[in-house]
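Each remark here refers to the structure printed beneath this line.
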Amino acid sequence: MPAKPSLDGLEEKWAAVWDEQDTYAFDRTAERAEVFSIDTPPPTVSGSLHVGHVFSYTHTDTVARFQRMRGKAVFYPMGWDDNGLPTERRVQNYYGVRCDPSLPYDPDFEPPAQTAPHKRGGDPRQVPVSRGNFIELCERLTAEDEKAFEATWRRLGLSVDWKHTYATIDAASRAASQRAFLRNLARGEAYLTEAPTLWDVTYRTAVAQAELEDRERPGAYHRIAFHRPDGEPVHIETTRPELIPACVALVAHPDDERYQALFGQTVRTPIFGVEVPVKAHPLAEPDKGSGIAMICTFGDLTDVTWWRELRLETRTVIGRDGRVLADPPRGLDSESGRAAYAELAGATVHTARERIVAMLRDSGELVGELRPITHPVKFYERGDKPLEIVSTRQWYVRNGGRDDELRARLVERGAELTWHPPYMRARYDNWVGGLNGDWLVSRQRFFGVPFPVWYPLDEAGEPRYDRPITPDESALPVDPSSDVPEGYRAEQRDVPGGFTGDPDVMDTWMTSSLSPQIAGGWERDPDLFARVFPMDLRPQGHDIIRTWLFSTIVRAHFEHGTLPWRNAALSGWILDPDRKKMSKSKGNVVTPIGLLEEHGSDAVRYWAASGRPGTDTAFDTGQMKVGRRLAIKILNASKFALSVVPEEQAVRGAAPDPEAVTEPIDRAMLAELAGVVDDATAALEGYDYTRALERTERFFWELCDDYLELVKARAYDSDPAAGSARAALRIALSVLHRLFAPVLPFVTDEVWSWWQEGSVHAQPWPRTEEFASAAQAGDPAVLSAASTVLRAVRKAKSEAKQSMRADVERVVVTGKSVEAVRRAAGDVAAAGRIRTLDLVGSDDAELAVEVRLAD
RNA sequence: GGGCGUAUAGCUCAGUGGUUAGAGCACUCGCCUUACAAGCGAGCGGCCGUAGGUUCGAGUCCUACUACGCCCA
């Protein structure tokens, strides 16, 4: 035990010890019932860790440590998310390469100079490389990131078993993603179809419903004249006049009196003179604009519904690059119409709109002035241009979006899951209930897990999408752009009568949704998988219930017919002092490592533990300082409690003896401690680490302020009463060290090492049975009454501006519970330096304390 | 527009229908007290968002409203 205990250096010291001694190693001989398994969120390695990570990962760690001390074999792996766009861009810029899946794998490839980072976007100097080489570069780069992340996690004190890690682009993850997909395909849960698709023109990829967000954007209603056969105009209002050439019908509500005569008739479009039908449909809103709208292929999702339900033609004018297609759509046949279209061809949506407005003004078909509005526009969450809708062939996985029975079963799965906090389930129910299509899982990107599929080419060289060729599971992972399907030769690639590989990659959630299977060794290590799956806990942010949580449930439901885990704990956000979510753009993000170095890991963890599941929490360095004070207090109080035992009597590792606790006040303290153990245990069983900490902390401070002061003098003595105090202190110390261990792992292992063998984190969680024989006989009133008197004495000294060492001439205590005081009279008199302590019984429920200070 | 959540001391938050609503921080006034001055003691500080209702009794339950946050349209 050091003469002057300090928190400095505890992180390095204990992180090294835990690593060396495998303190957190998963015991893979444990049966499922003895295992507590955690589906840890894999952080994005190409990004950086921020305070929010420290916050939520600490929550999980407190639960992991509690379960470990309760005797569970804790399966606590760590994953790295290196799959997807962020890594793609980072690898491009770092190595000056770009992925070109048409290239063959080059085993001798070395990237160009890794110096000057290249500019964003399509730098022409970027060297094209195969997908296999690109993945290797990704793994090379992220290996560096992973080291930095791991170092941060170790310093934070996460009790992860570092022998169990995975990366979402590594071979095992790719094999698992492809295997699960092939099984989805075989069971009919995955399918390929051509359909209108939400499309990001910047990234040139399809996106899924879960990746959408609405953004308020300025726009304007344009009042535009269509023409009836008799020459009379029909006015519609639209915010997207550039889509007039894509118009396939007009639509009004079936009950709208104004348009009854028009239903079934045709009208001609302005400028282009295309004849289109007028239809009735209940989704048309009579109150919006003129009550009649143009249907284009495709302006928005309502257009898609109308197009599908009214069986309309398709006139595509916007290409995948977001520009007007070179050739006019079918039906746009008139000479003047084609001439007008030629003015638009190749233009961006924005330019096309300006040009068509000018044409409409010239022709007199634009009526009145534009009416500016702001309206919600759909964006890809990572994109900065509005989504277009184009018809493309894509892979889908069924998720209940078009199947009420499946939807109902997935809602039931949500009900089977235990949510922390429970109300988060509503997010899940709302999302599943609001799905309007299956999960679009293919992305027109280069870097990611490829679909393990080839297509035969017919005599004309066209792919037979209805006859996909799939590999044997034993061959996974495969890359169809370089691997050759069975029965074909490499020379047959992309030639008539040969084959072609599916060029797309999977949505990253197709891999992430398998994190329990990937971490648990599904089909790779059946023995491990049987011990850890379904997992006990999924910790995650509530913002990705619709994506990660939901998709993981979908995959496990299909593959295993079960939930992937029993509990989901949803962490809140970190808010800055203005109650806004902390974000990089606001420049208010603090780096985790700096935070840990400044305040100490235990202190930061203490702050994190103040955030209950689901609760947004203010970033508060004040709370970290409080945590640091608590850790220092644990050092000092432990030093005191251990130092009152004469050195020759101190036996390392000796269990404190409850039988030696004989004094009423010592037993009272242990009785109260028993209540703390019960409450903290119940709280942690329910994932309420915050309450467990609060309860423990409150008891500990009161122990230091009152009990320690009361027994101090006696404990230094050498008679049997001293032995009682010392034994009680050591029992309390042993219990408190363990109660604090999940939140403050560094300081607790430090103080534990002063007097015990092994790590505190390998000890059993405290149970009241350990000291029941002493505690059960304890009357808590003894301690509380003694404390009341002591406080009154302190108050008198404080008001007299005297030192706490000042002598007290006489104290008279009156009240019902003076007998309780009497049982601790010696300690009270010693702690208060009271010469005469008079105890007068009365019927008053409250103790009255009269203090006369010495002169 | 729909759903969920939050509203208690200057700040951050506890409060599980039942005495006079609590803690920490901050602030004020004190104290060198051999575990701890990175400490200790004491004190100040509340129309519990607003308005109704249920109840013997409401910070707590119900309804409406207001403000804020998140999710979804």
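A note on names: the letters A, B, ... follow the listed sequences, proteins ahead of strands, and every chain is numbered from 1. All heavy atoms count here, side chains included; hydrogens, waters and symmetry mates do not. A quick note: this is a predicted structure, and the numbers were derived from the prediction, not measured.
Within the 4.0 angstrom heavy-atom criterion, no nucleotide atom of any strand lies near A:Glu697. At the heavy-atom level, A:Trp701 lies under 4.0 Å from the strands shown only through sugar-phosphate atoms. A:Arg794 comes within contact range of the sugar-phosphate backbone alone, with a heavy-atom separation under 4.0 Å but no base atom that close. A:Leu7 comes within contact range of no nucleotide atom at all, as no heavy-atom separation falls under 4.0 Å. A:Asp214 comes within contact range of at least one nucleobase, with a heavy-atom separation under 4.0 Å. Residue-level contact check: A:Arg691 touches the bases, meaning some heavy atom is under 4.0 Å from a base atom.
Atom-to-atom, CD1 of A:Ile544 to P of B:C72 comes out at 12 Å; the value is rounded to the nearest Å. Look at CZ on A:Phe700: it is 15 Å from P on B:A35, rounded to the nearest Å.
Remark: of the listed residues A:Arg546, A:Arg407, A:Arg427, A:Arg407 is the sole one forming a side chain to side chain contact (heavy atoms under 4.5 Å, CB included) with A:Val432.
Using cut-offs of 30° and 60° for the angle between ring planes, the A:His50 and A:His53 rings count as tilted. A:Trp419 and A:Tyr428 have tilted rings, their planes meeting at an angle from 30° to 60° on a 0 to 90° scale.
The gap from the C1' atom of B:G22 to that of B:G15 amounts to 7 Å, rounded to the nearest Å. Between B:G59 and B:G18, the two C1' atoms lie 13 Å apart (nearest whole Å).
Regarding contacts with the backbone of B:A35, a side-chain N or O of A:Lys712 is found under 4.0 angstrom from either OP1 or OP2. Close to B:C13, at under 4.0 Å from its OP1 or OP2, lies no side-chain N or O of A:Arg612. Listed pair A:Lys4 / B:A38 fails the phosphate criterion, with no side-chain N or O lying under 4.0 Å from OP1 or OP2. Of the side-chain N and O atoms in A:Lys633, one or more sit less than 4.0 angstrom from OP1 or OP2 of B:C40.
Side chains of A:Ser787 and A:Arg791: a donor-acceptor N/O pair is absent below 3.5 angstrom, by distance only.
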